[in-house]
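These notes concern the structure reproduced below.
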Amino acid sequence: MFLQVNHLEKTFQTRFSKEKTQALRDVNFTAEKGEFIAIMGESGSGKTTLLNILATLEKSSSGDVILEGKKISTIKEQQLAEFRRDHLGFVFQDFNLLDTLSVRDNIFLPLVLGRHKYAEMAERLALLAPKLHIADLLDKQPFELSGGQKQRVAIARALITNPKLILADEPTAALDSKNSDNLLVLFEKINAEGQTILMVTHSSLAASHANRVLFIKDGKIFHQLYRAGKTTSDFNRDITTAMTSLLGGQ
Ligand SMILES: Nc1ncnc2c1ncn2[C@@H]1O[C@H](COP(=O)(O)OP(=O)(O)OP(=O)(O)O)[C@@H](O)[C@H]1O
């Protein structure tokens, strides 16, 4: 199994108050290599907490995450940055590009940190840039780009290391509907080429581009839907119906 999440729990306790928040309660699911999974739920349901634990940015209170046989909770603190850089790709809602670097250098950043050779980096980028329609943008600075262009650059940066898993947190939240749609179609294309993707979203339209949707409520996964060959609009309707009846409307 590619990814196993077993009995995952997360309780937050702030330093100054005794109040505890249980953000995740006994979360269990597995994922196959090559899946495109959306995680949906209302605000505060635990989506980002789950993604952050999978990303090794946050520690669980108990339970395990096992990625290709490796229990990620056992990775030593000093090796976590390296693990993230070598195995995971991140796409965030606000792109997280550095304005002081060119687009090309932003994309190269994870490889530079990994001490890869320039020729190897250039070769990978030459393959990626036309696919993501950013070949003409490489010498620009991020502040010169539109939101959709920035997000495509962020995807190039996430893909350049050939990660096992792409983790995306609300990747369409800062985009208009046309750019959101372009981005989701791009995700579908990348996924069709074999990339495993896990995406957190509020949007049923965004989730309808995935192969499977996990619904989370009060820190628990309580339902899932498979796309099973449906069109995005048919799947979107199924997701909306499920949310209305299961979440009590959203
Ligand atoms: N660092 C933290 N300290 C304390 N409580 C936290 C912390 N992070 C999250 N929480 C709490 O855990 C719960 C789940 O939060 P989380 O951010 O995972 O939800 P979410 O589904 O991603 O919400 P949203 O869609 O609004 O981003 C919430 O009740 C939140 O207040």
Side-chain angles (χ1 to χ4, degrees), residues 36-39 47-48 51-52 54-57 81-203 205-207 209-210:
F36 177 8
I37 298 177
I39 299 169
K47 304 181 296 295
T48 298
L51 202 81
N52 285 345
L54 295 172
T56 72
L57 296 168
E82 197 177 316
F83 174 82
R84 281 196 287 271
R85 195 188 59 223
D86 292 345
H87 302 296
L88 304 176
F90 296 95
V91 182
F92 299 102
Q93 125 177 26
D94 50 3
F95 327 120
N96 283 3
L97 300 174
L98 300 176
D99 265 335
T100 51
L101 297 180
S102 70
V103 162
R104 178 181 284 102
D105 288 342
N106 265 282
I107 296 168
F108 281 167
L109 201 57
L111 292 175
V112 169
L113 299 171
R115 291 180 288 277
H116 288 250
K117 294 200 182 67
Y118 186 82
E120 190 188 321
M121 302 198 298
E123 205 175 303
R124 284 201 202 174
L125 185 56
L127 288 173
L128 270 180
K131 271 198 228 172
L132 299 173
H133 309 292
I134 56 166
D136 298 340
L137 308 177
L138 298 176
D139 293 317
K140 293 189 186 274
Q141 305 286 117
F143 60 79
E144 298 178 82
L145 308 183
S146 71
Q149 290 171 332
K150 280 186 196 168
Q151 197 55 303
R152 294 204 301 279
V153 171
I155 293 171
R157 187 189 48 193
L159 286 172
I160 195 115
T161 56
N162 282 332
K164 287 190 169 93
L165 179 63
I166 291 270
L167 295 169
D169 195 356
E170 301 276 5
T172 58
L175 302 179
D176 60 27
S177 65
K178 185 167 164 283
N179 277 310
S180 294
D181 209 55
N182 289 342
L183 175 104
L184 292 160
V185 169
L186 200 57
F187 266 23
E188 276 191 85
K189 221 155 115 189
I190 294 164
N191 171 248
E193 290 170 5
Q195 178 66 56
T196 315
I197 305 172
L198 228 131
M199 172 179 76
V200 157
T201 183
H202 276 109
S203 152
L205 190 64
H209 288 262

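Since the model is a prediction, treat every value here as computed from it, not as a measurement.
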List in chain and number order the residues that pass ring-ring contact (aromatic ring centres under 6.0 Å, His included) with Phe95, two or more places apart in sequence or in another chain; answer none if no residue qualifies.
-> none
Do [X] and [Y] touch side chain to side chain, with heavy atoms closer than 4.5 Å?
{"X": "Phe36", "Y": "Ile190", "value": "no"}
{"X": "Asn179", "Y": "Gln151", "value": "no"}
{"X": "Ile155", "Y": "Leu183", "value": "yes"}
{"X": "Val185", "Y": "His209", "value": "yes"}
{"X": "Ile134", "Y": "Ile107", "value": "yes"}
{"X": "Met199", "Y": "Leu184", "value": "yes"}
{"X": "Glu170", "Y": "Thr48", "value": "no"}
{"X": "Leu111", "Y": "Arg124", "value": "yes"}

[atom2] on [Y] to [atom1] on [X], rounded to 0.5 Å:
{"X": "Leu128", "Y": "Arg152", "atom1": "CG", "atom2": "CZ", "value": "13.0 Å"}
{"X": "Leu165", "Y": "Ile197", "atom1": "CG", "atom2": "CD1", "value": "9.0 Å"}
{"X": "Arg84", "Y": "Thr161", "atom1": "CZ", "atom2": "OG1", "value": "13.0 Å"}
{"X": "Leu159", "Y": "Leu127", "atom1": "CG", "atom2": "CG", "value": "11.5 Å"}
{"X": "Ile160", "Y": "Asn106", "atom1": "CD1", "atom2": "CG", "value": "11.5 Å"}

Residues 174-185 vs salt bridge (Lys or Arg N to Asp or Glu O under 4.0 Å), sequence neighbours excluded, gives none
Look at the side chain of Ser146 and the backbone N and O of Gln149, then say whether any donor-acceptor pair between them is shorter than 3.5 Å.
-> yes
For the side-chain contact (heavy atoms from CB on, under 4.5 Å) test, which of Leu51, Asn52, Ile37, Leu167 pairs with Val200?
-> Leu51
Shortest non-hydrogen contact from [X] to [Y]?
{"X": "Ala206", "Y": "Thr172", "result": "CB-OG1, 4.3 Å"}
{"X": "Thr201", "Y": "Ala38", "result": "CG2-CB, 4.4 Å"}
{"X": "Leu125", "Y": "Pro130", "result": "O-CD, 4.3 Å"}

Partners passing side-chain hydrogen bond (donor to acceptor under 3.5 Å, both in side chains) against [X] (at least two apart in sequence or in another chain):
{"X": "Gln195", "answer": "none"}
{"X": "Lys131", "answer": "Glu193"}
{"X": "Ser180", "answer": "none"}

Would Asn96 and Arg157 count as a side chain to side chain contact (heavy atoms under 4.5 Å, CB included) if you check the C-alpha gap in whole Å, the side-chain angles of each, and the deciding distance to 0.1 Å?
-> CA-CA 10 Å; Asn96 283 3; Arg157 187 189 48 193; 4.1 Å; yes
Side-chain donor-acceptor pairs under 3.5 Å in residues 136-145, sequence neighbours left out?
from: Asp139; atom 1: OD1; to: Arg104; atom 2: NH1; distance (Å): 2.5
from: Gln141; atom 1: NE2; to: Asp99; atom 2: O; distance (Å): 3.0
from: Glu144; atom 1: OE2; to: Gln141; atom 2: N; distance (Å): 2.8

Whether Phe92 and Phe90 hold their rings parallel, tilted or perpendicular, with breakpoints at 30° and 60° = parallel
